[in-house]
Amino acid sequence: MTPWLGLVVLLGCWSLGDWGAEACTCSPSHPQDSFCNSDIVIRARVVGKKLVKEGPFGTLVYTIKQMKMYRGFTKMPHVQYIHTEASESLCGVKLEVNKYQYLLTGRIYDGKVYTGLCNFVERWDQLTISQRKGLNYRYHLGCNCKIKSCYYLPCFVSSKNECLWTDMLSNFGYPGYQSKHYACIRQKGGYCSWYRGWAPPDKSIINATDP
């Protein structure tokens, strides 16, 4: 069993369906949480792939060209390979070779980077401007904040370091407006709140100049 599959089993990211088929299910996660909980966050292009005999269905190893790193400088400053389960039912992710740039997040196990459907993996051209700014600096500013999911009303924050995430209540579903356009950032006084980006929330903790 590969480390990623072990994590999937541990977190319950796969389950048996009504007909006995295995399926990957993941709890919704705001991009900021995915950023803060990942060992590695990079923008990269996939330049090759191969199937290796690891785990019950094998492991896909993608060769990538790293364009930019947003998180993981001290753990692995240059990433050349990304590992994922070959089966989508075990949360393996399918990436196109020599076609798109991707935002990739993942964890490091035994010196290898693993990702999957429960990680934040997205084509770069599908990210909003706010999400790209979040990757550059805003998400990092909010890693000490807690994003609290709201699935049904009423729901409330229980401490000053929480932001209430209500995308799941929207008719538009997930990912919603807060996922695409907001970051949860600590403000003056120590409390956390959603920040869109029209004006800097606190000049002492954030650079008003966008990258």
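Counting from 1, the numbers follow the sequence of the chain as shown.
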Pairing of D125 and R123 as salt bridge, 4.0 angstrom limit: yes
Ring-plane angle category for H181 and Y177, please: parallel below 30°, perpendicular beyond 60°, tilted otherwise. tilted
Salt bridge between R43 and E122, side-chain N to carboxylate O under 4.0 Å? no
Smallest heavy-atom separation, K68 atom then N136 atom, equals NZ-OD1, 2.8 Å
Straight-line distance of L104 CG to M69 CE, nearest 0.5 Å: 10.5 Å
Nearest 0.5 Å, please: how far is CD1 in I40 from CZ in F35? 11.0 Å
One pair to check against side-chain hydrogen bond (donor to acceptor under 3.5 Å, both in side chains): S29 and S34. What are the steps and the verdict? CA-CA 6 Å; S29 179; S34 298; 3.2 Å; yes
Under 3.5 Å, side chain of H30 to main-chain N/O of Y182, donor-acceptor pair present? yes
Could you give me the CA-CA distance, side-chain angles and deciding distance for C118 and C24, then say whether disulfide bond (SG atoms under 2.5 Å apart) is met? CA-CA 8 Å; C118 294; C24 174; 4.2 Å; no
Just by modelled atom types, is the P77 backbone N or O under 3.5 Å from a matching donor or acceptor in the Q66 side chain? yes
OG1 on T166 to OH on Y151, rounded to 0.5 Å: 12.0 Å
Over all heavy atoms of both residues, which pair between Y62 and T84 is shortest? Give the atoms and the distance, please. CE1-CG2, 3.6 Å
Are any of the side-chain heavy atoms of E96 and V46 separated by less than 4.5 Å? no
Take C150 and C155 through the disulfide bond (SG atoms under 2.5 Å apart) test and state the conclusion after the steps. CA-CA 6 Å; C150 177; C155 47; 1.8 Å; yes
Check C163 against C184 for me: are their SG atoms closer than 2.5 Å? yes
Correct closest heavy-atom pair for T105 and S38 would be CB-OG, 3.4 Å
Minimum heavy-atom distance between Y139 and C36, given as atom pair plus value: O-SG, 3.6 Å
